[in-house]
Amino acid sequence: MKIRTRFAPSPTGFMHVGNLRTALYEYLTAKHENGTFVLRIEDTDRERYVEGATQVIYDTMKLAGLEHDEGPDIGGEFGPYVQSERLSMYKPYAEKLVEEGKAYRCFCTKERLEALKENAPEGTGYDRHCRDLSAEEIQKNLDAGMPYVIRQKMPLTGSTSYHDLVYGDITFPNEDLDDQVLIKTDGFPTYNFANVIDDHTMGITHVVRGSEYLLYDAFGWEIPTYIHLPLIMGKSVDEEGNEVISKLSKRHGSTGFMDLINEGYLPEAIINYIALLGWAPKDTREIFSLPELIEAFDINGISKSPAVFDYDKLSWVNQEHIKAMSDEEFLEHAKPYYDEAGVDPSCYALLAELLKPRIAKFTEITEKLSFIKQYGDFELELFEHKKSKSTLESSKQMLEQAIPVLAQVQWDRDSITEAMKELAEKLEVKNSVVMWPVRIAAAGVAVTPGGCAEVMILLGREESLRRINYAYSRL
RNA sequence: GGCCCCAUGGUCAAGUGGUUAAGACGGCGCCCUCUCACGGCGCAAUCAGCGGUUCGAAUCCGCUUGGGGUCACCA
């Protein structure tokens, strides 16, 4: 049987990484077996409807590379793929359950339910007040036009169990199950009910979802294979200064896919990292492209325990993806920052080499290249460096000697480096004694991407000499 | 609180009765080196506890403890 999975987000305008990971695993589960990946929009909560939020979902899926085979925007034979457009389907199923005595109309008001909640001990559900209303009472209420919901009539005894590919057999006593609402007062189905109907009518074979949904639906159809995922946790600090670990949410910082993108993380790195949160390959590989994930993915590799989201490791994954880029790809991402820093296109190749191993995010380029535009009366102590045997005195001498050399040397990286080494040899000092002060004088900062030759290439001969002469004058 | 689930270093984790208990991130140190990175090498750090079962338990069972989730006309 061909595998069909579905990602069913609700359009809230925000894609949490937890949801994205669910989508990823749905996608991988299907694609690993050449199955079909369906996108379905769950917009049954009209109170939380957000304009344009559906577009955010499309954009995110596209950026992340998770292309669906069926969905609202591209159609498919199981449409429509938006729940609000399937509205007429749900009620008949609920009515059928009512007829069969498996569900009932509940006329309880919100007020009554709230009062119930307040007075009952915590953790007590609906009191099943309307579960056994007489036919007369029901008819009377209907005639009076009272609003109602349809609730599922859960069995009061026995237990329900089902098999989960990650957690194994899950069993819970029926008496603990609430008579949950299937159809709301407004006629819309609840998430759980619509899900079961949709998954069934769309032929979904495998349902992947977070383990917070572990309890639930027992409808009577052959149920799909469940794959419940351990939650993604976040680390935070509470009012008393204690470290707290809880379900990852907005208070843990950037947890939305777009937030992370804006912070400089690459889509493929985010995908790579979250794939590893709760799943491990058979070997020790850590860096994957999406096609490589499809190849390597195996449900058996999903773990049961919650995983803490670690921004440090995400950064490392991001860096690895950057290092693996071709110079062309690198330039595409780096270009805006180059323009901002004011670098010449002739330096692009050099910069790719210099920057690739030095940045974890492209946003860091600005800081790395800030010395190109900014130069001032830096602290002269920068010339002192014990390990390089550089002092204020030696620096002055070295700069004096280097200036004429730099004025006439062929202006390329190797020639400059060679010339500086020759100078050091001539003066019988370590390379670093001349190279350190030249680099400091040209850059005006202690830390630069690359050595003195690279710094000067980026600045150009004219600017380099101008700076070095100026620094020399200050010594 | 009821119910459900989970438990290997600070974090992600491999491990499915016999291993010196992998690997990665992070930390620390050394090497390389004109700075910072990259790279290389190395160090510290884990089977929550207690009972069983077994010739032998991180691996199986029970209890305890800890953590998390869930108890909506939200998804």
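When reading the values below, keep in mind they use all heavy atoms of this one structure, side chains included, and skip hydrogens, waters and symmetry mates. Quick note on labels: first sequence line is chain A, next is B, and so on, each numbered from 1.
Heavy atoms of A/T171 sit under 4.0 angstrom from primed sugar atoms or phosphate atoms, though from no base atom. Among the heavy atoms of the strands, none lies under 4.0 Å from A/R285. A/M233 comes within contact range of the sugar-phosphate backbone alone, with a heavy-atom separation under 4.0 Å but no base atom that close. Residue-level contact check: A/V149 touches the bases, meaning some heavy atom is under 4.0 Å from a base atom. Contacts of A/K235 with the nucleic acid, taken as non-hydrogen atoms under 4.0 Å apart, involve only primed sugar atoms and P, OP1 or OP2. Within 4.0 Å (heavy atoms only), A/L113 reaches at least one base atom of the nucleic acid.
Checking B/A72 for Watson-Crick or G-U wobble geometry (two distances, each under 3.5 Å) identifies no partner in any strand. Base pairing of B/A14: no nucleotide in any strand meets the Watson-Crick or G-U wobble criterion (both distances under 3.5 Å). Pairing for B/U19 is absent, judged as Watson-Crick or G-U wobble with the two contacts each under 3.5 Å. Across all strands shown, the partner of B/C41 is B/G29, judged by Watson-Crick or G-U wobble contacts whose two distances both fall under 3.5 Å. If you check B/C47 for Watson-Crick or wobble pairing at under 3.5 angstrom, you find it has no partner at all.
Partners of A/Q83 under the side-chain hydrogen bond (donor to acceptor under 3.5 Å, both in side chains) rule, at least two apart in sequence or in another chain, are A/E42, A/D198. Every residue meeting the side-chain hydrogen bond (donor to acceptor under 3.5 Å, both in side chains) condition with A/D298, not counting sequence neighbours, appears here in chain and number order: A/K282. With sequence neighbours excluded, no residue forms a side-chain hydrogen bond (donor to acceptor under 3.5 Å, both in side chains) with A/K235. With sequence neighbours excluded, the residues forming a ring-ring contact (aromatic ring centres under 6.0 Å, His included) with A/F330 are A/F362, listed by chain and number. A/D327 is linked by a side-chain hydrogen bond (donor to acceptor under 3.5 Å, both in side chains) to A/K356, counting only residues two or more places apart in sequence or in another chain. Listed by chain and residue number, nothing satisfies the ring-ring contact (aromatic ring centres under 6.0 Å, His included) test with A/Y337 (two or more places apart in sequence, or in another chain).
Residue pairs meeting the salt bridge (charged side-chain N to carboxylate O under 4.0 Å, His left out) criterion with at least one member in residues 150-174 of chain A: none, sequence neighbours excluded. Residue pairs meeting the side-chain hydrogen bond (donor to acceptor under 3.5 Å, both in side chains) criterion with at least one member in residues 429-451 of chain A, sequence neighbours excluded: A/R439-A/T448. Applying the salt bridge (charged side-chain N to carboxylate O under 4.0 Å, His left out) test to every pair with at least one member in residues 365-375 of chain A, sequence neighbours left out, gives no pairs at all.
Considering only the side chain of A/I170, B/C4 comes nearest among B/C4, B/G68, B/A13. Looking at the side chain of A/W316, the nearest of the listed nucleotides B/C73, B/A24, B/C4 is B/A24. Closest to the A/T185 side chain, of the nucleotides B/C73, B/C5, B/U70, is B/C73.
Comparing B/A72 with B/C28, their P atoms are spaced 48 Å from each other, to the whole Å. B/C32 and B/A22 have their C1' atoms separated by 28 Å, given to the nearest Å. B/U54 and B/G18 have their C1' atoms separated by 12 Å, with the value rounded to a whole Å. Comparing B/A57 with B/G52, their C1' atoms sit 12 Å apart, to the nearest whole Å. Nucleotides B/U20 and B/G2, compared at atom C1', are 47 Å apart to the nearest Å. With P as the reference atom, B/G23 and B/C43 are 10 Å apart, rounded to whole Å.
The residue among A/P173 and A/F107 whose nearest nucleotide of RNA chain B is located toward the 5' end is A/P173.
For the segment residues 296-306 of chain A, residues with any heavy atom less than 4.0 angstrom from an atom of RNA chain B are, sorted by number, A/S303, A/K304, A/S305, A/P306.
Note that A/R21 lies in the cation-pi zone of A/Y25, set by a 6.0 Å cut-off to the ring centre and a 45° limit from the axis.
Salt bridge absent: A/E320 and A/K313 never bring a charged side-chain N and a carboxylate O closer than 4.0 Å.
Residue A/K184 places no side-chain N or O under 4.0 Å from the OP1 or OP2 atom of B/A72.
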Enumerate all atom pairs, one protein N or O and one N or O from nucleotides 62-65 of chain B, separated by less than 3.5 Å.
none

Give me, pair by pair, the N or O atoms of the protein and of nucleotides 34-40 of chain B that are less than 3.5 Å apart, along with how far apart they are.
from: B/C34; atom 1: O2; to: A/C452; atom 2: N; distance (Å): 3.3
from: B/C34; atom 1: N3; to: A/C452; atom 2: N; distance (Å): 2.9
from: B/U35; atom 1: O4'; to: A/R439; atom 2: NH2; distance (Å): 2.8
from: B/U35; atom 1: O2'; to: A/A446; atom 2: O; distance (Å): 3.4
from: B/U35; atom 1: N1; to: A/R439; atom 2: NH2; distance (Å): 3.4
from: B/U35; atom 1: O2; to: A/R439; atom 2: NH1; distance (Å): 3.2
from: B/U35; atom 1: O2; to: A/T448; atom 2: N; distance (Å): 2.8
from: B/U35; atom 1: O2; to: A/T448; atom 2: O; distance (Å): 3.0
from: B/U35; atom 1: N3; to: A/T448; atom 2: O; distance (Å): 2.9
from: B/U35; atom 1: N3; to: A/G450; atom 2: O; distance (Å): 3.0
from: B/U35; atom 1: O4; to: A/G450; atom 2: N; distance (Å): 3.4
from: B/U35; atom 1: O4; to: A/G450; atom 2: O; distance (Å): 2.5
from: B/U35; atom 1: O4; to: A/G451; atom 2: N; distance (Å): 3.0
from: B/C36; atom 1: O2; to: A/R358; atom 2: NH1; distance (Å): 2.6
from: B/C36; atom 1: N3; to: A/R358; atom 2: NH1; distance (Å): 2.2
from: B/A37; atom 1: O2'; to: A/P357; atom 2: O; distance (Å): 2.4
from: B/C38; atom 1: O3'; to: A/K323; atom 2: NZ; distance (Å): 3.1
from: B/G39; atom 1: OP1; to: A/K323; atom 2: NZ; distance (Å): 3.1

